[in-house]
2 protein chains.
Amino acid sequence: MDVNIKDIARISGVGISTVSRVINNKGLVSDATREKVLSVVKEYNYIPNSNARNLKTTQSKNIALMVKGITNPFFAIMIKEIERQVNLRGYPFLIHQVEDGTDEINAAIQLVKEKNLSGIIFMGGTYNHSEEKFKQLTVPFVLTTITTSQEVDPAIFSSVTINESKEAYKATSYLISLGHKNIGFLAKSPLLDETTGSRRLMGYKLALEENNLPYNAGLVEDCEYSPSSGFNAARRLLNRDRAVTAIFAASDTIAIGAAKAVLTAGLSIPDDISIIGFDGIEMAEYYHPALDTISQPGTEMALSSVGVLFDLISNRTNHQHIVYDAVLLKRGSCKMIKSR
Amino acid sequence: MDVNIKDIARISGVGISTVSRVINNKGLVSDATREKVLSVVKEYNYIPNSNARNLKTTQSKNIALMVKGITNPFFAIMIKEIERQVNLRGYPFLIHQVEDGTDEINAAIQLVKEKNLSGIIFMGGTYNHSEEKFKQLTVPFVLTTITTSQEVDPAIFSSVTINESKEAYKATSYLISLGHKNIGFLAKSPLLDETTGSRRLMGYKLALEENNLPYNAGLVEDCEYSPSSGFNAARRLLNRDRAVTAIFAASDTIAIGAAKAVLTAGLSIPDDISIIGFDGIEMAEYYHPALDTISQPGTEMALSSVGVLFDLISNRTNHQHIVYDAVLLKRGSCKMIKSR
DNA sequence: TTGTATGCGTTATCAT
DNA sequence: ATGATAACGCATACAA
């Protein structure tokens, strides 16, 4: 091991607590001793052991991000911003990837006990967590990009989200306004309860309903949030139902795969098939043709997630539920249906 | 705080050390007491405090990944696999994003002192780290996707890489073999020392040289590893030099942006301009047209990085330097130059 | 303004 | 096979 606080104290010719006061900027220390201690700290390259610190204070300053789906490019930019914001506040930050199929809340409960976290941000995953579980989380936390089922009391958690069904409604309505009647819907687990996919499906259905269009379950495909999966889903869809004139993909990654399927089939976007995605990742803009999308304000959501968390940590506020608006970006991959 | 080892001991009616032996599977414990302790542990949901543990053992089992460029989709799949592999071995894993412009080795040195890491994987960044710095790293580490400058003694570090210049040579030679003579090169910091971009530029230059083609600095553009940056760089290139018939992008993200620039300019891929990327991310395959690329074996590299690290941690084997071969994937975005 | 002593929760060394 | 007890490195109440 390296030098510790005792060494620094001895070398500086002061007591341990004086060193502690200096490195923590706490309590009264004369300028002379402060300077001396700091010089020794620097010379010996002393860095306090955070394990001992956290053990002593029974409260580390660690902020953890629990991500489900770290390969999601939309999350990538959010992660970057979240880390930046946390570091800005001088808190250590740790990213924990949650494997698909494992429970992130349980993982977090464990992490809290293990590392004495002081805050958690949950990103991605599903909504089916029980109130009881949340109550076991003894530190401030905020859900971002996800929320909970209706049964959970909003007074016990914070969230930063978009209104999934409203935004999906927006996308679908847009396609309908262009005259489309047979609109494919591609999402992950749209038929399961309490998933992002199912929320977006709700919006899709609502738009159909409001426009007196029948809901056709055959137009809904379940797929992962990836181009390859979107490709396969779109191909299944196109093979099964030749009447499809538009596709609403619940992510841009899916949309890109779907677009490829359409183009590969020798069809044109948007002349034969209109496509709209979701998220607003850079890739969608640079696809050819550029893909329309529902663009989420990822950076702002990241910013505000950290903001809400620190409000909670410093006891400044009660739980907040911030809902951002997403924006429909028209880039030309959707078009008025051609008359037949 | 929650229950601690003392509580468990008291409730179980045994001594503290017995509980410790049980939860660590160390030393002799009778089956009866073991069972009793375990039941209490379970009932009270006891989880050992890792700060105390690490403090005592002066060596946590934490493995840290230092990533520079977490938004890089190629890294994303590697990160996922690395985490999986580390967890498989029962070690806690933490991801630390290194901001562009900050020194990852310094950050790591600090992290080691703070958290008593037992191993580090470095991913991304540049090669210009001094031997002296590496020597300050008192725990096993491996560089992945990067390596060091020639001056650093290979006996003091491990690495898992591809041969950057060789693979770039491969891509460039391929374009040359198709008759291209004016080949644009897009990379991040190709003219700086000891960057991935500069290594790939070396391969590019070598291929030109071996084929008696002149090196034209005007065909080299500096850009970030992103579609937007690739788009701008390609546009600059196309505007400046109308003789360009092929573009070699040092990443698929750049290639996607470059492709967009070509298509937006009303040119065709590959009829007017051939494009080849680097990395082998999924998006490149689903671009339209699908983009040729030099595909790195990301998953295997991840796997082997963790393998090498744990060899170092346990076996005390010597340092290894594993170099993977990348594969030229032809998908149709490169074509024999049209005769003029 | 400064130093001493105590304890955070755990592991490990020693008796028993 | 089991239980006291001494560290691990630090922050802090309290004494000086």
Side-chain angles (χ1 to χ4, degrees), chain A residues 1-38 40-41 44-62 92 110-118 138, chain B residues 1-38 40-41 44-62 92 110-118 138:
Chain A
M1 244 306 68
D2 272 281
V3 293
N4 57 30
I5 198 172
K6 217 189 289 183
D7 297 324
I8 301 295
R10 186 172 35 74
I11 299 167
S12 311
V14 302
I16 290 181
S17 32
T18 303
V19 177
S20 180
R21 279 184 214 106
V22 170
I23 60 182
N24 292 304
N25 262 320
K26 237 179 217 182
L28 295 304
V29 185
S30 75
D31 286 353
T33 44
R34 154 169 293 114
E35 235 171 274
K36 174 176 233 165
V37 170
L38 283 178
V40 174
V41 163
Y44 287 82
N45 220 312
Y46 167 65
I47 294 174
N49 180 309
S50 72
N51 290 127
R53 244 185 185 163
N54 298 341
L55 175 60
K56 181 61 196 163
T57 56
T58 60
Q59 162 95 82
S60 84
K61 294 177 75 183
N62 287 330
Q110 180 159 343
L111 214 57
V112 169
K113 292 192 187 180
E114 274 181 12
K115 314 234 174 179
N116 304 109
L117 302 180
S118 61
T138 52
Chain B
M1 243 306 69
D2 271 280
V3 293
N4 57 29
I5 198 171
K6 219 189 287 185
D7 299 324
I8 300 296
R10 187 172 35 73
I11 298 166
S12 312
V14 301
I16 291 181
S17 15
T18 303
V19 176
S20 181
R21 279 183 212 107
V22 170
I23 61 182
N24 293 301
N25 261 319
K26 231 178 223 184
L28 295 304
V29 185
S30 76
D31 286 354
T33 44
R34 153 169 294 115
E35 235 170 275
K36 173 175 229 164
V37 170
L38 283 178
V40 174
V41 163
Y44 286 82
N45 221 312
Y46 166 65
I47 294 175
N49 180 309
S50 72
N51 290 127
R53 236 180 193 170
N54 298 341
L55 174 60
K56 182 60 196 166
T57 56
T58 62
Q59 162 94 80
S60 83
K61 294 176 75 182
N62 287 330
Q110 180 160 344
L111 215 56
V112 168
K113 292 192 188 181
E114 274 181 13
K115 313 235 175 178
N116 305 110
L117 302 180
S118 62
T138 53

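All values derive from a computational prediction rather than experimental measurement. Hydrogens, waters and symmetry mates are skipped; everything else that's a heavy atom, side chains included, is used. Numbers restart at 1 for each chain; the letters A, B, ... are given by sequence-line order, proteins then strands.
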Ignoring hydrogens and angles, tell me if any N or O in the side chain of [X] forms a donor-acceptor pair with the backbone of [Y] under 3.5 Å.
X: B:Ser50; Y: A:Glu114; value: yes
X: A:Thr18; Y: A:Val14; value: no
X: B:Asp7; Y: B:Asn4; value: yes
X: B:Lys113; Y: A:Asn45; value: yes
X: A:Ser60; Y: A:Lys115; value: yes

Is there a side-chain polar atom (N or O) of [X] under 4.0 Å from OP1 or OP2 of [N]?
X: A:Ser20; N: D:dT12; answer: no
X: A:Thr33; N: C:dT1; answer: no
X: B:Asn49; N: C:dG9; answer: no
X: A:Arg53; N: D:dG9; answer: no

Under 3.5 Å donor-acceptor pair, B:Lys56 side-chain atoms to D:dA7 base atoms: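 A donor-acceptor contact between them is present.
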Closest nucleotide among D:dA11, C:dC8, D:dC8 to the B:Lys6 side chain: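 Output: C:dC8.
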Which nucleotide in C:dT10, D:dC10, D:dT12 has an atom nearest any side-chain atom of A:Ala52: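 Taking heavy atoms from C-beta onward, the closest nucleotide is D:dC10.
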Along DNA chain D (nearest heavy atom to each residue), the more 5'-positioned of B:Ser30 and A:Leu55: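 Whichever sits nearer the 5' end wins; that is B:Ser30.
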Could you check how far [atom1] of [X] sits from [atom2] of [N], rounded to whole Å?
X: A:Asn24; N: D:dG9; atom1: CG; atom2: C1'; value: 13 Å
X: B:Arg10; N: D:dT2; atom1: CZ; atom2: C1'; value: 19 Å
X: A:Lys115; N: C:dG9; atom1: NZ; atom2: P; value: 18 Å
X: B:Asn4; N: C:dC8; atom1: CG; atom2: C1'; value: 10 Å
X: B:Asn116; N: D:dG9; atom1: CG; atom2: P; value: 9 Å
X: A:Ile8; N: C:dG3; atom1: CD1; atom2: C1'; value: 17 Å
X: B:Ile5; N: C:dT11; atom1: CD1; atom2: P; value: 5 Å
X: B:Arg21; N: D:dT5; atom1: CZ; atom2: P; value: 15 Å

Residues A:Ser17 and A:Ser20: side-chain donor-acceptor under 3.5 angstrom: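 Distance-only check fails for A:Ser17 and A:Ser20.
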Side-chain H-bond candidate by donor/acceptor type, B:Asn49 with A:Asn116, under 3.5 Å: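 Result is yes, a qualifying pair exists.
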Residue pair A:Tyr46, A:Ile23: steps toward the side chain to side chain contact (heavy atoms under 4.5 Å, CB included) verdict: CA-CA 10 Å; A:Tyr46 167 65; A:Ile23 60 182; 4.0 Å; yes
Sugar-phosphate only, base, or nothing, as touched by B:Thr57 at under 4.0 Å among non-hydrogen atoms: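 Sugar-phosphate, backbone atoms only, no base.
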Sugar-phosphate only, base, or nothing, as touched by B:Ser50 at under 4.0 Å among non-hydrogen atoms: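 Nothing, no nucleic acid heavy atom in range.
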Selection: residues 12-19 of chain B, any non-hydrogen atom under 4.0 Å of DNA chain C: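 The stretch gives B:Ile16, B:Ser17 as the residues lying under 4.0 Å from the strand, ordered by number.
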